[in-house]
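To start, the structure under review is shown below, and the notes come after it.
Below, chain A is the first sequence line, B the second, and so on; all start at residue 1. Every heavy atom of this structure was used, including side-chain atoms; hydrogens, water molecules and symmetry mates were not.
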Amino acid sequence: MDFASILTTALAAGIGPVAAAYALAAIGLNIHFGYTGLLNFGQVGFMLVGGYGIAISVSILGWPMWVGVLLGIACAIVLALILGFPTLRLRSDYLAIATIAAGEILRLFYMSSYAEPVTGGVYGLQQFAGDFYDLNPFPPDRYELGPLSFGAPELWIMIVGWGLVALAAVLVYLLIHSPWGRIIRSIREDEEAARSLGKNVYWYKMQALVLGGVLGAFGGMVMVVNTQSASANSFDPVVTFFLYTLLVLGGAGRVFGPILGSVLFWFIVVGFDALLRSMIANGILPFLESGDIGAIRLSIVGLGLLLLMVYRPQGILGRREEMVLDAR
Amino acid sequence: MPDDVKTTSAFDGVVAEPGVAKPDPIMVADNVTRRFGGLHAVNVDHLEVQRGAITALIGPNGAGKTTFFNLLTGFDRAGSGKWTFDGDDMSHMPAYRVARHGMVRTFQLTKALARLTVLENMLLGATEQRGERMFNALIRPLWGGQEQANRVRAEELLDRFKLIHLKDAYAGTLSGGQRKLLEMARGLMVQPKMIMLDEPMAGVNPALVQSLLQHIIDLRDEGMTVCFVEHDMDMVMGISDWIVVLAEGEIIAEGRPSEIGANRAVIDAYLGKEHGTAPSEEAS
């Protein structure tokens with residue numbers, strides 16, 4: 001078995017564009033869940049409208065890609081308003097129900113034959129990120145990063161993706177360490193107390209939902225631009241639960257929690273995949289076939305989340321004492 | 001009990017009867033009702049609360065005291081009714097706007113924001129913070145000065161309520177009594193005209209009760225209107241200027257502490273109408 005190659009595969013996934021996309025979406029989810037206490041189980045829906053915002057603008061409408069970015073942001077804002085308007089006055093469970101349903105409705109709608117003229121239906125849309133890759137300052141070549149090697153387009157999307165992650169982290173840091181952030185966190189603790197001190201809780205919850213949703217849309221954009229392909233099936237509900245897993249892993253309610261979480265999550269998941277594959281290929285696990293790996297990956301994520309909840313519920317960057325106080 | 005407390009003279013000549021007019025009411029409520037299914041939880045015809053005085057709202061369990069509090073402060077919706085506060089119509093106003101109008105409440109079960117520090121809890125109370133707008137929040141120079149001023153005021157209040165040594169502790173680590181103090185101090189950060197305390201003494205150890213009572217009296221002496229709900233008749237008698245008695249949602253009596261103590265209707269409400277008769281008859 002080639003452990004060096006397993007490790008490089010895992011490393012490449014940990015710092016790859018997919019990890020950046022998930023980190024962005026998880027930063028958004030962190031605003032919802034980690035800071036405001038909003039239970040959004042449909043973050044993938046925001047990623048979907050963001051990704052398709054670019055794909056549809058370029059492939060179907062023939063607009064330049066930057067307009068597609070704006071459209072993706074606008075779609076995320078509208079989705080947040082639609083979800084938040086009826087549910088944010090109610091108990092937090094209602095937002096959870098509405099978001100999980102909305103994410104699934106969006107996925108099914110985007111791949112329906114009815115929507116095919118616009119979304120490409122089950123086939124999705126491809127090759128819409130030409131504008132983006134035309135801006136690539138790196139000449140086509142292989143670029144070595146320690147033991148890793150990337151092509152120029154991959155390097156370009158990685159740099160832009162992680163650049164966006166850094167920007168989002170700075171944004172969240174500034175917001176959370178401000179009076180605005182104080183209100184957001186007080187809503188997480190007890191929204192009636194915030195209300196009794198003259199804070200318009202509904203409005204702040206709406207702002208948080210919109211902001212986190214827009215960051216989710218950026219995550220979706222990085223995802224589709226990376227593969228030059230938007231397909232509704234890649235926006236499966238399980239994506240949201242991966243986001244929760246990596247957020248809890250890194251530490252919810254911490255600025256760097258979702259970033260560290262995403263890197264580790266993809267390092268572990270892909271590394272584990274590669275390990276299994278190599279073990280199967282070498283006949284170490286004769287009762288398994290490579291087709292089983294997808295299912296095993298899901299159970300491993302579930303098991304990991306379970307162990308995390310038992311042994312380190314605050315995540316890697318979380319503060320133990322905060323967890324103890326969270327006795328609602 | 002602090003026996004040497006001076007009550008205000010504002011109530012001179014006011015007759016002790018339900019719904020009586022006060023010389024300078026800060027709040028006037030009319031026909032406020034709230035039903036839970038068939039139950040008339042609150043049914044208040046008329047109530048005036050005197051400005052700058054300590055008014056206690058008492059009554060047996062289930063009398064509707066907290067519900068009435070919730071209605072006035074916008075935390076529950078009244079079925080009908082109209083009430084004004086300092087001249088403004090406050091009926092059916094959302095809770096956050098009630099607070100901004102200068103009527104701030106505390107809760108029976110304290111709502112300390114556990115994972116915020118004591119100082120952050122205090123700062124949250126400050127009103128009209130520029131940094132509370134999302135775009136301003138990104139630019140610290142826009143709100144840093146104001147934040148510093150609020151911090152100074154918060155620390156003064158924490159000092160007064162003897163919580164200053166805990167300012168960087170998570171509020172969730174405070175004892176029950178300290179949380180009551182924090183909640184009161186936090187309410188004062190809003191700079192209210194009237195503070196409504198829902199059972200401020202519940203679950204507080206006796207040593208801290210004295211200091212809490214003194215804080216309430218000090219607030220009144222500084223010109224604040226205080227209205228509070230309380231079970232314990234002894235506490236109420238000691239510090240109230242005026243007492244309003246609720247039973248089954250209606251005001252059955254109003255008056256000075258001495259008058260309420262001797263009021264037949266109040267004793268009946270607390271002990272049951274049968275209290276004078278033999279136990280054997282009660283059992284029937």
Side-chain angles (χ1 to χ4, degrees), chain A residues 31 34-37 77 89 167-212 214 251-254 314 318-328, chain B residues 70 73-75 94-107 109-117 119-140 142-144 146-147 150 169-174 183 186-187 189-192 196 198:
Chain A
I31 294 176
Y35 290 115
T36 322
I77 292 172
R89 283 182 206 278
L167 275 179
V170 170
L171 180 79
V172 170
Y173 180 88
L174 289 176
L175 282 176
I176 290 309
H177 293 87
S178 77
W180 187 88
R182 195 156 56 216
I183 294 179
I184 291 295
R185 288 182 298 137
S186 77
I187 292 170
R188 174 189 70 192
E189 297 302 310
D190 193 317
E191 60 176 78
E192 293 217 322
R195 216 170 263 138
S196 78
L197 296 169
K199 311 303 174 196
N200 185 350
V201 168
Y202 176 70
W203 172 234
Y204 281 96
K205 285 207 269 190
M206 189 65 96
Q207 290 180 30
L209 188 65
V210 168
L211 178 66
V214 168
R254 316 292 302 164
Q314 75 274 32
R319 294 198 189 125
R320 182 92 207 169
E321 59 268 39
E322 287 193 8
M323 221 55 212
V324 176
L325 296 175
D326 186 20
R328 280 170 298 162
Chain B
N70 287 345
T73 51
F75 279 83
Y96 76 93
R97 284 180 55 205
V98 170
R100 287 183 192 175
H101 272 254
M103 184 155 91
V104 168
R105 71 167 299 174
T106 66
F107 296 88
L109 300 168
T110 45
K111 294 183 180 297
L113 303 162
R115 284 180 289 171
L116 266 60
T117 67
L119 188 62
E120 283 178 317
N121 265 269
M122 294 294 289
L123 289 171
L124 185 71
T127 48
E128 311 216 344
Q129 299 185 48
R130 286 188 286 272
E132 288 180 352
R133 291 174 174 277
M134 196 199 261
F135 293 104
N136 290 355
L138 295 172
I139 308 160
R140 198 182 177 101
L142 286 179
W143 50 267
Q146 192 187 31
E147 179 89 346
N150 286 336
Y170 283 116
T173 62
L174 301 191
E183 209 176 32
R186 191 175 67 189
M189 281 298 287
V190 184
Q191 295 183 306
M196 316 259 292
D198 195 351

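Summarising the geometry, atom CZ belonging to B:F135 is positioned 8.0 Å from atom CD belonging to A:Q207; distances are rounded to the nearest 0.5 Å. Note that CH2 of A:W180 is 9.0 Å distant from CG of B:L138, once rounded to the nearest 0.5 Å. The line from CG of B:N70 to CD of A:E192 is 8.0 Å long, rounded to the nearest 0.5 Å. Expressed to the nearest 0.5 Å, how far CG of B:L109 lies from CG of A:D190 amounts to 10.0 Å. With rounding to the nearest 0.5 Å, the separation of CG in B:L123 from CD1 in A:I183 is 11.5 Å. Note that CD1 of B:I139 and OG of A:S178 are 11.0 Å apart. Values are rounded to the nearest 0.5 Å.
Remark: side-chain polar atoms of A:K199 are not paired, donor with acceptor, to backbone N or O of B:E132 under 3.5 angstrom.
Listed options B:E147, B:R105, B:E183 were ranked by heavy-atom pairs under 4.5 angstrom with chain A; first place goes to B:E147. Per-residue heavy-atom pair counts under 4.5 Å with chain A were compared for B:H101, B:R186, B:R133, B:M189, and the maximum is reached by B:R186.
A:S186 has its side chain within reach of B:L116: a pair of non-hydrogen atoms, C-beta onward, lies under 4.5 Å apart. Proximity of A:I184 to B:M134: side-chain heavy atoms (C-beta onward) are nowhere separated by under 4.5 Å.
Of the two parts of B:E120, the backbone and the side chain both hold a non-hydrogen atom closer than 4.5 Å to a non-hydrogen atom of chain A. If you measure heavy-atom distances from B:A126 to chain A, the contacts under 4.5 Å come from the backbone alone. If you measure heavy-atom distances from B:T110 to chain A, you find no contacts under 4.5 Å at all. For chain A, no part of B:R97 is nearby; none of its heavy atoms comes within less than 4.5 Å.
No option in A:R185, A:R182, A:E189 other than A:R182 meets the side-chain contact (heavy atoms from CB on, under 4.5 Å) test with B:L124.
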